[in-house]
Protein chains: 2
Amino acid sequence: MSTRAPRPKPAGQRATIADVAAAAGVSKATVSRFFNHRERLLSPDIAARVEAAIAMLGYSPSPMAQALSRGKSRLIGLIVADITNPYSVAVLRGAEKACQDAGYLVMLFNLGNESGREREAIDALAGYQVDGFILNTLGRGAGVVDAVALHGKPAVLVDRRHAGMHADFVSLDNAGAMAQVCEHLLDGGWHELLYITEPQKGVSTRRERTAAFHDCVAAHAPQVKGDVFESEEGDTAGLEAALRALHQRARRGRRQAAVIAGNAVVTLRVAAAMTQLGWHFGRELGFVGFDDPEWAPLIGPGLTTLAQPTDEIGRAAAGCLIERLRGLEGAARQRLLPGELVVRGSSSLHAT
Amino acid sequence: MSTRAPRPKPAGQRATIADVAAAAGVSKATVSRFFNHRERLLSPDIAARVEAAIAMLGYSPSPMAQALSRGKSRLIGLIVADITNPYSVAVLRGAEKACQDAGYLVMLFNLGNESGREREAIDALAGYQVDGFILNTLGRGAGVVDAVALHGKPAVLVDRRHAGMHADFVSLDNAGAMAQVCEHLLDGGWHELLYITEPQKGVSTRRERTAAFHDCVAAHAPQVKGDVFESEEGDTAGLEAALRALHQRARRGRRQAAVIAGNAVVTLRVAAAMTQLGWHFGRELGFVGFDDPEWAPLIGPGLTTLAQPTDEIGRAAAGCLIERLRGLEGAARQRLLPGELVVRGSSSLHAT
DNA sequence: TTGTATGCGTTATCAT
DNA sequence: ATGATAACGCATACAA
């Protein structure tokens, strides 16, 4: 019998700090110090004994108990509007990696597009003492996610601003990106433009892109004409009508017409409508879409897209938050990352 | 001054059970009982006082402290091989929903395709006292995820078996699905088949589909011929060669050739190769692919696919686990869910 | 029916 | 340098 076992552990249980202390013949405090203040105040010989006991029992501290005791959990709450959205997933990936590299674990809460659950998500995560939040939420109901609701914890917003919320913000440079897209189309000789977006509903990204589109068109008037169409979920008829109208206008003005899709979801709808109409990208209509899904090269002559640096956005978001967790104070910051235009067949004129 | 405050809370802090007790003028135990054993042992008047105090302070119990005290966390650990994989995400979605409905929260750990991190993931999650695991891992290194590593907690496997592991298993009925696919192709007059899969490497799902493919072909020999090709990540040349060879064989045997893709990743590769070769689905080659991505209708004449009931798979997995958490004992179970064939243009012969 | 005391696994504040 | 001991927020056996 080495050291008397306090209680014969039911085998399957995790070893606790008390077990280690008993096995090493020291106090719990000493074991705790081994992890937290090793060099400063621990004699080599006793450190060795503790280390041996730890190895023998396969002990590792319980993050839960640590969180309770310290008031910090090394947990980051990540709330995502819709896990089905590839954009969100791509961002999530970058963010999670950055968090893990910094020693944080991510707790994910998926809203499943039910905006009413924002509050529930925040409360649930706060219950687990997350140290901070990364928010990629719907962003409609304004103050729902207000600072108070965050329980005094820092947060970073991704892709969607919330009015009057003091928090860092990371996103694509929407204005710059839209400018790139427009210039590219204009250079290619497409002078009758239609920007198709999901219903704006106050979503910041959608509003910014729409505004930038108007700016670009205005800057090149009157040779260039531009219009905006809001595409609703099930309304295929409306979308097809808009496409037909665009084509008509272009013919009358002896212009080439092109569509800009506000995100991958819209791109999908437009592609479906084109199939329905029997039209081809680069022939009846030019096309550029925001987001660069893996299937973009495979639709017709290939879809020209504006790729977002999703991984970087995620990393930047995590980075901002972690800096705050390390004590950085100061006004809310803004990180706007540039997009990259990926040119494929849909934006160059194909003989008909 | 209603009731004397024990300590003037720094405002931003969460209310604790002690605060509620003080405000209601009762003991902490009574407050605890209000949540856990309300009806059984609590007088109405005092319950009312507690309830009022709770409402006033906006109190809710700390799940962390509860977990520490109870030894159960109402947390479920979900380990996913690659969050980038849409199949995994779709399953995750169903599982998360089912868990939340049952009052469990999901902690997500993404392996990012690094199989070496399985152990790390399990340990990290176990540290947070997760009550059980849902595993959708790589499944290569056999025993890495053995029962011991699970810290004695129940687990359910999704889509990938682990040899010799006592755990419930949920997946597509691979044999049945492959049979459906083959029958459909055969009925359509495609008699020279090629099954293209990612390198099998001992992954159970891939092996099962391949075996089922061989069975189907054998059952219809000699009128039908079938071959298998393993497509490596970057090897586009090899894939194109395989496609050409298939086409050749079919011509010689005066048959129509069709490809079956083992999953969406392979489908993407095949579609890219077809574009490269200047071939068209339903003309030079018939096609059916496992998994039904949203872009399947938009490639050429539309891709015929075998859609997996991903949402159900996720729900079933969560359901199995939760039953175990409620105490269900007994041998490991197996839930094989049927796929659904979605017929589109790629599997019907288009005049050339 | 309600209150008291103890434990859950840590960290931190004291002593020593 | 090390060891008691009191939090942390909650549940529960035991007393009353």
Side-chain angles (χ1 to χ4, degrees), chain A residues 3 6-7 9-10 13-50 53-54 57-75 126-129 131 151, chain B residues 6-7 9-10 13-51 53-54 57-75 126-129 131 151:
Chain A
T3 59
R7 279 155 292 167
K9 288 272 158 187
Q13 296 290 348
R14 287 172 63 96
T16 76
I17 198 171
D19 300 328
V20 177
V26 299
S27 75
K28 295 193 299 178
T30 300
V31 178
S32 176
R33 276 191 276 263
F34 179 83
F35 285 99
N36 303 311
H37 315 279
R38 171 152 23 177
E39 321 308 341
R40 279 200 307 157
L41 27 78
L42 216 56
S43 65
D45 57 334
I46 226 163
R49 267 172 41 206
V50 172
I54 289 172
L57 277 66
Y59 167 79
S60 71
S62 153
M64 282 223 145
Q66 286 181 319
L68 193 61
S69 183
R70 291 177 166 145
K72 296 166 184 297
S73 63
R74 298 202 75 80
L75 235 35
Y128 282 97
Q129 301 279 41
D131 294 337
H151 302 264
Chain B
R7 282 156 290 170
K9 288 275 156 186
Q13 294 291 348
R14 288 173 63 95
T16 76
I17 198 172
D19 301 328
V20 177
V26 299
S27 76
K28 294 193 296 179
T30 301
V31 179
S32 175
R33 279 191 275 262
F34 178 83
F35 285 98
N36 303 310
H37 315 279
R38 170 152 23 178
E39 322 306 341
R40 277 202 308 158
L41 26 80
L42 217 57
S43 62
D45 58 332
I46 226 166
R49 269 175 36 211
V50 172
E51 187 161 24
I54 288 172
L57 277 66
Y59 167 78
S60 70
S62 154
M64 282 225 141
Q66 286 182 317
L68 196 59
S69 183
R70 291 177 166 144
K72 298 165 184 296
S73 63
R74 298 204 76 80
L75 235 35
Y128 282 97
Q129 301 279 40
D131 294 338
H151 302 264

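In the text below, chain A, chain B and the rest are named by the order of the sequence lines, each starting its count at 1. Scope of the values below: all heavy atoms of this structure, side chains included, with no hydrogens, waters or symmetry mates.
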CD on A:Q66 to CG on A:L68, rounded to 0.5 Å:
11.0 Å
Quick one, give me the B/S/- string for nucleotides 10-16 of chain C, reading 5' to 3', where B means a protein heavy atom under 4.0 Å from the base and S means that only happens at the primed atoms, P, OP1 or OP2.
BBB----
In the structure I gave you, are the side-chain heavy atoms of [X] and [Y] within less than 4.5 Å of one another anywhere?
| X | Y | result |
| --- | --- | --- |
| A:M64 | B:L75 | yes |
| B:F34 | B:I54 | yes |
| A:P61 | A:F35 | yes |
| A:S60 | A:R14 | yes |

Whole-Å gap separating [atom2] ([N]) and [atom1] ([X]):
| X | N | atom1 | atom2 | answer |
| --- | --- | --- | --- | --- |
| A:F34 | D:dT2 | CZ | P | 12 Å |
| A:L68 | C:dC8 | CG | C1' | 9 Å |
| A:K72 | D:dC8 | NZ | P | 16 Å |
| B:L57 | D:dC10 | CG | P | 12 Å |
| B:R74 | D:dA11 | CZ | P | 13 Å |
| A:R49 | D:dA1 | CZ | P | 16 Å |
| A:D45 | D:dA1 | CG | C1' | 10 Å |

Which atom pairs, donor and acceptor, lie under 3.5 Å between side-chain atoms of residues 21-33 of chain B and protein residues at least two apart or in another chain?
| unit_1 | atom_1 | unit_2 | atom_2 | d |
| --- | --- | --- | --- | --- |
| B:S27 | OG | B:A29 | N | 3.4 |
| B:S27 | OG | B:T30 | N | 3.3 |
| B:S27 | OG | B:T30 | OG1 | 3.3 |
| B:S32 | OG | B:N36 | ND2 | 3.2 |

When we call it a touch if two heavy atoms are under 4.0 Å apart, what does A:L42 touch: a base, just sugar-phosphate, or nothing?
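Sugar-phosphate only.
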Taking all heavy atoms of A:S43 and all of A:D45, pick out the closest pair and write down the distance.
OG-OD1, 2.7 Å
If every non-hydrogen atom of B:R74 is compared with every non-hydrogen atom of A:Y128, which pair is closest and at what distance?
O-OH, 4.2 Å
Look only at the side chain of A:S73 and the backbone of A:A67, and say whether a donor-acceptor pair between them is shorter than 3.5 Å.
no
Any A:S43 side-chain nitrogen or oxygen under 4.0 Å from OP1 or OP2 of D:dT2:
yes
Let me test you: for the helix from C:dT1-D:dA16 to C:dT16-D:dA1, what is the angle between the axes at its two ends (five pairs each), rounded to 10 degrees?
50°
